[in-house]
Participant: 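Have a look at this one.
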Amino acid sequence: MNSPISGSAAEGAYDRLHPKIRRWIRDQGWDELREIQARAIGTILDGTGDVVIAAATAAGKTEAAFLPILTLIAERKGGGFSAVYVSPLKALINDQFRRLDELCEAMEIPVVKWHGDASQAEKKKAIAKPSGIVLITPESIEAMLTRRPGDAARLFGAADFIVVDELHAFLQGPRGLHVASLLKRLDAMAQKPARRVGLSATIGDLNQAMAWLRPTAPQTVDLLLAKADAPELRLQIRGYVEPPDLDDPDHAEGSGQDVQAPRRIALDAICDHLFPTLRGTNNLVFGGSRRTVESAADRLRRRCEKAGVPNEFYPHHGSLSKTFREDLEIRLKDGSLPTTAVCTSTLELGVDIGSVKSVAQIGAPRSLSSLRQRLGRTGRRRGTPSILRVYVREPYVDVKSSILDQLRSNTIRSVAVVRLLLAGFVEPAAPSPETVSTLIHQVLSVIAERGGIRAKPLFDLLCGPGPFDSIEPADFAQLLRHLGSPEVRMLEQAPDGVLMLGSEGEKIVQSRDFFAVFESSEEWRLTAAGRTLGALPISFPVHKDSLVVFAGQRWIVLDVDEGGKVLSVAPHPGGMVPRFEPSSGEPAHDRLLAEMRAVYLDNDVPEYLDKAAQELLAEGRDTFRALDLDRRSVIQEERDLHLFVWRSSQTTAVFGAALGMAGLECGIHDLGVTVPKTTSAEMLPILEKLGSMSALDPMDVAAFVKNVRAGKFQDFVPETLAQKQWALQNGQFVGTATAIAKTLR
DNA sequence: GACCTGCTGCGGTATG
């Protein structure tokens, strides 16, 4: 049989694969290897170092990594896993298992799924005879190290490769710090450190990815970038204005939440457009919050009922039970019934749901990396376009309204985001404020793993180049002393200096929720006729006869089990949409604010705006000009003073903290800060003083920052260490804040 | 003015 692979480079790559892999490729009916796959085969077979493979979704990254890896490990038998694949999602492990299992079976290489829902028997088998490939979550690696330290080295210590999937998901946040630390610890127990292969779709700064993958030698990481061949993009931005005096833009249609006479809110009009536009095809609607998702899904279901047609709109978010979510994912992938999922960010990455016809977004986006990921769900078949509809909600305004509302910043932001999307911009990863909290977790974990360890080898194992590089020996000593203090009792020190777990540390490590480095909140479990619907935040006020909209249906609470934290419900026509826990918003990048300013200054009216959005854009620009915001940045509005900063959320927050030092409490928004009950006459000398401080010490600003501590173990982080870390991560923004103060006028 | 992610080991019982 002739080689099915065309192109000389690809042909060469194909010929170098293991004969059984070549047969499998022919059996798949593939007529060519993708370019990224051919290049990965060359790099992995010829090289000895680490590799980052960055390519669009559905470009065949998994095969790009595993075809050459399997070729190299084909002849290895037993003696530990040959390759460790780390994934942030169980669902992704299940998908990859289906893709790898058949190929590996042909090669007689075992593959084992290793996560909380995976078969105990399979895991036991692998512990007895570890071999081949393991597909595992970070938390399961953590559990292995702390609960079976004797087995860990035998299982992982001989691996030739560690593959990290969805690498971009680990470039920031506590879980990224956690996995990076686990990689170091796996290296420390290995006879020879494994080669690392990172797989990713959207990465804003590739240097960050290389540094994350091999902190000791980022420049040695081979980088394989797939040429982007993005499908044609069709897009529309639609504008909607809320009615006057609205207190809840997500309330349930025709419910008691609508206290005054029922009236139409923006969400009603948005769903009036979504219903006929999306019906009959598969789509994703991103709602932004679980509350908006429930409210919109409920409206769309009612429109189906009214039209006398079967419902095809279903909610999907993290509080819904697994069964609901999986049923919907299967229905989307299967494709025999038209289906639209109204979701939060749950369907943004990972799980295989096939290609959808269009993506809709309720509310103006703020993050390019997330919008890109969402768009990647459409236009996956050759020749079909990506379709994106953005539904922008703006408040009602009249002469008494705040200028912040009159500036129509949501509409402006939508236009700016589209411009940056077309320009190919993606935000880099932001620093993670959970550093010390995650270090505490790893300190406890290493002590549990080894039974006890002295401070110096503990520091050498965890710190230095890598996730905790910013922790100096003196910081580490301070942290250990604090953890060992009589008030904390996380650690104890034996007379010979060996650190061991204290009574509190023992309790924490033994608990079932030790393995994850992120927090989880307490919730009510919601059941109907014995079936679990999902979970509601414990803060949601409930009592018998409460009405609730959940899982796309309306319910009445029959019974409240305080002890078991269970709510029993039954279908009911009324219902309130529950409020979930609020937290801080998605951060905006400097470049987005610069682009928003450019949109205000320009005169072009993009043709992708509907008539209402065009009017909102014009209103925003008129207000911008009337206030002369091109030249002015300090605007008095009655007793409030607005300072227009035009910088990232992080810079604006630091600027706000610097004002806090001067005794001014202020509110922070996209465009800048608002200081209540202050005049520009009072403000100008303060700004002048701030601007003249050439060396404002970030440590001094840190003292005025609320929530300087973050993460699961934030209560155990010494305040001064938290402030020092904040100053390290925000020092550059403090400098920017003084520079901003100089320019405001 | 937000979202998402993860989970051991034991003892009990039922089933092939």
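Chain letters run A, B, ... following the sequence lines, proteins first and then strands; every chain starts at 1. Nothing here was measured: the structure is a model prediction, and the numbers come from that model.
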Participant: Applying ring pair (Phe, Tyr, Trp, His ring centres under 6.0 Å), can you list everything that pairs with A:H642, at least two apart in sequence or on another chain?
Facilitator: none
Participant: B:dA2 C1' sits how many Å from A:N707 CG, rounded?
Facilitator: 16 Å
Participant: Salt bridge check, A:R413 against A:E595: does any charged N sit closer than 4.0 Å to a carboxylate O?
Facilitator: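 Looking at A:E595 and A:R413, the cut-off is not met.
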Participant: Let me know the distance between CD of A:Q373 and C1' of B:dC4, rounded to the nearest Å.
Facilitator: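 Whole-Å distance recorded here is 12 Å.
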Participant: Taking only the side-chain nitrogens and oxygens of A:R290, find out if one of them lies under 4.0 Å from OP1 or OP2 of B:dC4.
Facilitator: yes
Participant: Counting any heavy atom closer than 4.0 Å, what does A:I668 reach on the DNA or RNA strands: base, sugar-phosphate only, or nothing?
Facilitator: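 Since a base atom lies under 4.0 Å of A:I668, the category is base.
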Participant: Taking salt bridge (Lys or Arg N to Asp or Glu O under 4.0 Å) as the definition, give me every residue that meets it alongside A:R299, ordered by chain and number, with sequence neighbours left out.
Facilitator: A:D268
Participant: List the residues meeting salt bridge (Lys or Arg N to Asp or Glu O under 4.0 Å) with A:R709, not counting sequence neighbours, and say none if there are none.
Facilitator: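 Counting only residues at least two positions away or on another chain, A:R709 forms a salt bridge (Lys or Arg N to Asp or Glu O under 4.0 Å) with A:E719.
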Participant: Measure CZ/A:R366 against C1'/B:dG1 and give the value in whole Å, please.
Facilitator: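 Computing the A:R366:CZ to B:dG1:C1' distance gives 7 Å.
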Participant: For A:E139, what residues pass the salt bridge (Lys or Arg N to Asp or Glu O under 4.0 Å) criterion, not counting sequence neighbours?
Facilitator: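 Salt bridge (Lys or Arg N to Asp or Glu O under 4.0 Å) list for A:E139, sorted by chain: A:R175.
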Participant: Would you mind building the protein contact string for nucleotides 5-16 of chain B? One character per nucleotide, 5' to 3', B for base within reach (heavy atoms under 4.0 Å), S for sugar-phosphate only, - for untouched.
Facilitator: BBBBS-------
Participant: Checking A:D640 now: which residues fulfil salt bridge (Lys or Arg N to Asp or Glu O under 4.0 Å) with it, not counting sequence neighbours?
Facilitator: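 Here no residue qualifies.
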Participant: Looking for any heavy atom pair under 4.0 Å, which part of the strands does A:N410 touch: base, sugar-phosphate only, or nothing?
Facilitator: nothing
Participant: Whole-Å distance between B:dC3 C1' and A:Q172 CD?
Facilitator: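 Rounded to whole Å, this separation is 13 Å.
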